[in-house]
J.: 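Handing you a structure now.
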Amino acid sequence: MGSFLAGIAADFAQHWPLYVSIPIVAALIGYGTKLVAIRMMFQPVEFLGIKPFLGWQGIVPKRAARMASIACDTMTEQLIKPAEVVARLDASRIAQEIEKPLLAGVEDIVREVAGHYQPGLWESLPVRVQRLVIERVQHESPRMVAAVLDLIKSDVDSVFDLKGMVVTSLVKDKRLLNRIFQEAGAKEFKFIARSGLVFGGAIGVIQMVAWVLFKFPLIMPLFGLFTGWFTDWLALRMIFYPIEPRKYFGVTWQGLFLKRRAEVAEAYGSLIAKEIITPHNVIEAILHGPLSDRVLALIQRQLDRELGSVAKPLLVFAVGSRKYQDMKLSIAEQIMGRLPETMRYIEDYATDAMDIRNVLVSKMKELSPHEFERLLRPAFEQDEWILIATGAVLGFAVGEGQVLLLEHLAA
């Protein structure tokens, strides 16, 4: 036994630089496999290779619809409701803000529509009648917009699909979806990479001892496989578990992501308010989204009321009931078409009034740890086995290379 240990000691003294390199390489395996795993989560944004199987697309962009839907479920069910998005907007204030730009286009709309549906007739009408119709629409347009907004606010779910807007935005812009997960979990991703160095180096010390004692060729690739797999698995566990603080050997531990709730809430709320639930996007979704036909019907109904007392009888007499209905629809459609541009004038006011960022941040801080975990966890749990398996395969391959290198240098 003594001679065996003496031989090992002599061998280690002779080749110690090679043996010391084993834990260093193991640490690099741990670190490198983490970087690869993180990159594979988000890159490439579009499929690279030969579809359907020979190639790769980042897990988050590949599952964009599902990822966006999960993130949005948390957002719309627990953080913010469609009614909260528009409830703080004051209809009369909006009418004042958009009055000038809206009036500027009304005369063009009325003249264009009238000339289209009854060529020559509009020009033949007395100027007084023309002005009466134009001024009536001009006078009532801001009030009509305010009335329509009040109707929208009274039953916002019938005309505004917040979840559909968010999911559509994120599926359309996969880079933005990546950013949500990357910015919310920025420190966790750094921890994953750095933990690979520590865990990999620790396993490498055991690997070095095993190699020095036995020099069995399979030791290196098997340890490499274990290092790649175990460090990936352990890092993910440490980020999300335990959800509630627990004591382990006298030390209190909670998943890193859960411990950073306040910080994550600030970053997440800011990004969502700046990039997704913006006044511009909300207005676009209401006016041009899947429920926009209902908004058009509201505008038509309000337009009919405003023209009803004086202008409607004159128009019906001049063009007929059927064409009056067509004209009314066309005017409503053109007003809707111009509203997004007109509504740009209220974006600063709407941003302050809606205060989406602070609403999201305060609501996120009220989430339970279990609810909060669902913000980032979907990015990992969907196909996370692929990431762990990739780490294991890379570790095994590097271990094989280590064997060849050690044997070559020792010879």
Side-chain angles (χ1 to χ4, degrees), residues 21-64 66-67 174-208 218-241 255-257 375-406:
S21 73
I22 293 176
I24 295 175
V25 172
L28 293 176
I29 291 174
Y31 182 70
T33 54
K34 303 304 158 292
L35 292 181
V36 171
I38 293 169
R39 187 169 182 81
M40 288 176 66
M41 286 179 61
F42 301 105
Q43 300 295 331
V45 174
E46 302 297 337
F47 187 88
L48 187 63
I50 303 172
K51 291 187 175 181
F53 303 116
L54 192 57
W56 183 257
Q57 181 180 14
I59 288 175
V60 171
K62 180 182 179 181
R63 310 289 187 188
R66 183 177 183 276
M67 295 286 185
K174 297 183 180 69
R175 286 181 174 82
L176 177 57
L177 180 63
N178 275 352
R179 279 182 59 199
I180 288 177
F181 288 108
Q182 287 170 328
E183 292 187 18
K187 291 193 175 181
E188 282 67 37
F189 292 124
K190 288 180 181 178
F191 169 79
I192 288 175
R194 291 169 181 171
S195 68
L197 283 171
V198 177
F199 299 147
I203 295 171
V205 172
I206 301 172
Q207 183 183 19
M208 177 187 69
L218 272 179
I219 285 175
M220 304 307 286
L222 288 178
F223 265 93
L225 183 150
F226 178 75
T227 300
W229 168 80
F230 180 73
T231 53
D232 276 0
W233 175 84
L234 183 59
L236 291 174
R237 295 290 300 180
M238 292 180 70
I239 286 176
F240 295 108
Y241 299 101
L256 296 175
F257 184 65
L375 288 175
L376 188 62
R377 182 63 175 146
F380 291 93
E381 68 183 355
Q382 183 70 35
D383 295 338
E384 72 177 27
W385 67 270
I386 297 178
L387 304 179
I388 295 173
T390 300
V393 171
L394 289 174
F396 186 89
V398 173
E400 286 280 11
Q402 275 185 290
V403 173
L404 296 175
L405 180 63
L406 286 169

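Source: prediction; values computed, not measured.
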J.: Can you check whether L35 reaches Y31 side chain to side chain, under 4.5 Å on heavy atoms?
T.: yes
J.: Can you tell me how far the CD atom of Q182 sits from the CZ atom of F189, to the nearest 0.5 Å?
T.: 6.5 Å
J.: Write down the atom of E46, the atom of K174, and the distance for their closest heavy-atom approach.
T.: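 So the minimum-distance heavy-atom pair works out to OE2-NZ, 4.0 Å.
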J.: Of all the heavy-atom pairs spanning W56 and P44, show the shortest one and how long it is.
T.: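 Smallest interatomic distance, heavy atoms only, reads O-CG, 3.4 Å.
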J.: Assign the ring pair W233 / W229 to parallel, tilted or perpendicular, where the plane angle (0 to 90°) is split at 30° and 60°.
T.: parallel
J.: Please round to the nearest 0.5 Å and tell me the distance separating atom CZ of F42 and atom CD1 of I38.
T.: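 Output value for this atom pair is 8.0 Å.
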J.: Measuring only between side-chain heavy atoms, which start at C-beta, is L48 closer than 4.5 Å to Q43?
T.: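 SC-SC contact between L48 and Q43 ruled out.
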J.: Side-chain contact, heavy-atom cut-off 4.5 Å: N178 with P61?
T.: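 Yes; the side chains approach each other to less than 4.5 Å.
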J.: Testing the basics here: between V45 and Q57, what is the closest heavy-atom pair and its distance to 0.1 Å?
T.: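 Shortest heavy-atom contact: O-NE2, 2.8 Å.
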